[in-house]
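Below is one structure; the comments refer to it alone.
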Amino acid sequence: MDSENSLVIVGAQWGDEGKGKVIDYLASEADVVVRFQGGDNAGHTVVFGANIFKLHHIPSGILNQGTLSLLGNGMVVNPLVLVEELEELEKRGIGTGNLRISSKAHLIMTYHKVLDEANEKLLGEKKIGTTGRGIGPAYADKALRRGLRAIDLTDPDSFRNRLSQVLPLQNRLLKEACDHPGFDLDELIELYRPVCERLAPLVTDTSLLLSRQLEAGKRVLFEGAQGTLLDIDHGTYPFVTSSSTVAASASSGSGVGPNHIGQVLGVLKAYTTRVGEGPFPTEEVGDAGELLRMQGNEYGTTTGRPRRCGWFDAVIARYSARVNGLSGLAVTKLDVLSGLETINMAVAYECDGNRIEEFPQDIEGLKKCQPVYEFLPGWDEDISRVRSFEELPSAAKSYLKALEETTGVAVELISVGPDRSQTIIVPGSTPEHWRKL
Ligand code: IMP
């Protein structure tokens, strides 16, 4: 069964869980890595020896020569940014010949970025806190059936035709939203001409390519971006991104049936962070939050914004386990908690005097929730050199055990630092099996 050869990796919190590192680690054994949603709002920092790579569209698998990297149909792709990313990688000696773009992926155009920023301004204090990359407007145009797609990059006539159809309306929207003078068709065509030429050879039927790889028994990693609580349906709407970030989206966003989906690894930070607006029950705005931000270097890869920080929230983790069907957990940044005397873990919420075990349905409910904490003993040891579960201090083991018990999902991978080598694989786990396939 080919689903045994596939692994979906998703963020189980609000994004920035360290998926890039986990994916990069497992991608070294993958034949194919496919992204299935989102765009350049994602920011993966991958540390490889002395090299730090910041990737936005491109799957972390690109760093492994021989791994096929696919941008699936569920993505929105900014061609100008993608070309910059490709050039940066090539400048640093990383071959990019193994990248392919779904002909059905939608394009983020210059006007989408301007509209994103204008929408945020119009929302004022109620703004979403987007990355400003044009993600929402690009997905909105996809749903409104007036988007441009990667296939349009491959044919100058079709690109011009499509753009000339949609530009007058976009210019009217820009005028209304922010008194923008609008974009000139010929200038846009000139701007996009070199990127069309650069990207056209990479545009293909990635669904077919992926199906063939799966049929041939190749190992496929489905790389999620953002996190479960940013999912357009299951997240803290409206403070979410505009795509479906949960594991089921791996299938529709890459063009293969759900029978191809195997295990689902949920990546969780050992604490919680969030960028942008919206409720966050375990947020620490005082010293504890500042400490986590400093020790965890919690600043956005895409925007540089300081991330909001707080304690681990098991209510969220349980919810993520349910809506994603998580088969295992990857716990990252455990080393950041070293040195704390006590570590808080929210095991439930209290709302209007009631104890709540399940994640509320809407943000109004969530806003009223206070975390119910369990207080676990911390550890002083530097764990960044630990390479097996047994070597961890007993308090760190107990913390992980508590996390497993409260979520009902086994911890399968533990990250104790940004480098590939700083990874602990639990014996008998899916990641171990995956690496041995
Ligand atoms: P957008 O995806 O740029 O529209 O932003 C919508 C929300 O998702 C904002 O709160 C962003 O901060 C958040 N967001 C988008 N991408 C990421 C990510 O990769 N990591 C963390 N938060 C993100």
Side-chain angles (χ1 to χ4, degrees), residues 9-23 35-46 53-60 71 74-78 81 85 106 108-109 112-123 125-143 223-246 249 253 266-269 271-280 283 293 296-310 316 320 332-333 363 366:
I9 299 186
V10 289
Q13 294 160 321
W14 272 292
D16 306 318
E17 299 92 348
K19 293 180 295 294
K21 141 95 197 251
V22 175
I23 290 162
R35 266 197 66 187
F36 51 89
Q37 45 73 225
D40 61 333
N41 48 349
H44 285 339
T45 307
V46 183
F53 295 94
K54 295 198 172 189
L55 305 173
H56 293 286
H57 292 96
I58 303 182
S60 317
L71 306 189
M75 285 188 73
V76 284
V77 174
N78 185 326
V81 177
E85 262 177 80
H106 274 249
I108 303 172
M109 304 294 288
H112 289 136
K113 266 191 77 156
V114 182
L115 281 170
D116 192 0
E117 278 156 20
N119 289 343
E120 285 283 271
K121 255 198 204 128
L122 287 169
L123 284 169
E125 282 187 357
K126 295 204 162 63
K127 70 176 196 265
I128 309 292
T130 72
T131 58
R133 297 293 179 124
I135 305 297
Y139 274 115
D141 277 352
K142 171 178 174 173
E223 170 174 342
Q226 290 83 48
T228 302
L229 294 188
L230 291 173
D231 182 275
I232 184 91
D233 288 309
H234 303 290
T236 46
Y237 192 89
F239 300 103
V240 292
T241 190
S242 300
S243 64
S244 176
T245 61
V246 293
S249 161
V267 186
L268 290 159
K269 235 176 241 185
Y271 48 98
T272 312
T273 62
R274 168 165 210 178
V275 283
E277 309 303 316
F280 175 0
E283 181 171 18
R293 188 173 308 111
N297 190 25
E298 295 295 352
Y299 295 90
T301 314
T302 303
T303 59
R305 289 181 286 182
R307 295 180 183 139
R308 300 159 64 193
C309 296
I316 287 176
S320 284
T332 62
K333 292 198 155 183
I363 59 158
L366 185 61

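Counting convention: from 1, in listed order, for ligands and their atoms alike. Position 1 is the first residue of the sequence; numbering continues from there.
Atoms of ligand 1 lying under 4.0 Å from any heavy atom of V275, numbered from 1 in the order shown and given with element: 10 (O), 12 (O), 21 (C), 22 (N). Near W14, meaning under 4.0 Å from one of its heavy atoms, ligand 1 places the atoms 21 (C), 22 (N).
In this structure, SG on C309 lies 6.5 Å from OH on Y271, to the nearest 0.5 angstrom. Note that the CG atom of L71 and the CD atom of Q37 stand 12.0 Å from one another [nearest 0.5 Å]. Considering CE of M109 and CG of N78, their distance stands at 8.5 Å, rounded to 0.5 Å.
When the shell of 6.0 Å around OH of Y237 is examined, it contains 12 or fewer heavy atoms from other residues, nucleotides or ligands.
In this structure, the side chain of T228 engages the main chain of G11 through a donor-acceptor pair within 3.5 Å. Remark: the backbone N or O of I128 is paired with a side-chain donor or acceptor of E120 at under 3.5 angstrom.
Inspection of the D16 and T273 side chains reveals no N or O donor paired with an N or O acceptor under 3.5 Å.
In this comparison of V76, D16, L230, the heavy atom closest to atom 23 (C) of ligand 1 sits on L230. Nearest to atom 16 (N) of ligand 1 by heavy-atom distance, out of Q226, K19, E17, E120, is Q226.
Contact annotation for V240 and ligand 1: only backbone heavy atoms (N, CA, C, O) come within less than 4.0 Å of the ligand. In F239, neither the side chain nor the backbone holds a heavy atom less than 4.0 Å from any atom of ligand 1. Of the heavy atoms in K127, none comes closer than 4.0 Å to ligand 1. Contacts between T130 and ligand 1, counted as non-hydrogen atom pairs separated by less than 4.0 Å, involve both the backbone and the side chain.
Checking only distances, S242 never comes within under 3.5 Å of ligand 1, N or O to N or O. Residue T131 has at least one nitrogen or oxygen atom sitting less than 3.5 Å from a nitrogen or oxygen atom of ligand 1, judged on distance alone. Polar contact with ligand 1: present for R305 (N/O pair, distance under 3.5 Å). The shortest N/O to N/O separation between N41 and ligand 1 falls below 3.5 Å. Polar contact with ligand 1: present for G129 (N/O pair, distance under 3.5 Å).
Among E283, E298, E277, the single residue meeting the salt bridge (charged side-chain N to carboxylate O under 4.0 Å, His left out) criterion with R308 is E283.
Contact check for V76 versus H106: side-chain heavy atoms found under the 4.5 Å cut-off.
The two residues F239 and I363 come nearest to each other via the heavy atoms CE1-CD1, 3.6 Å.
At least one heavy atom of A42 sits under 4.0 Å from some atom of ligand 1.
When only non-hydrogen protein atoms are considered, atom 2 (O) of ligand 1 lies nearest to T241 OG1, 2.6 Å.
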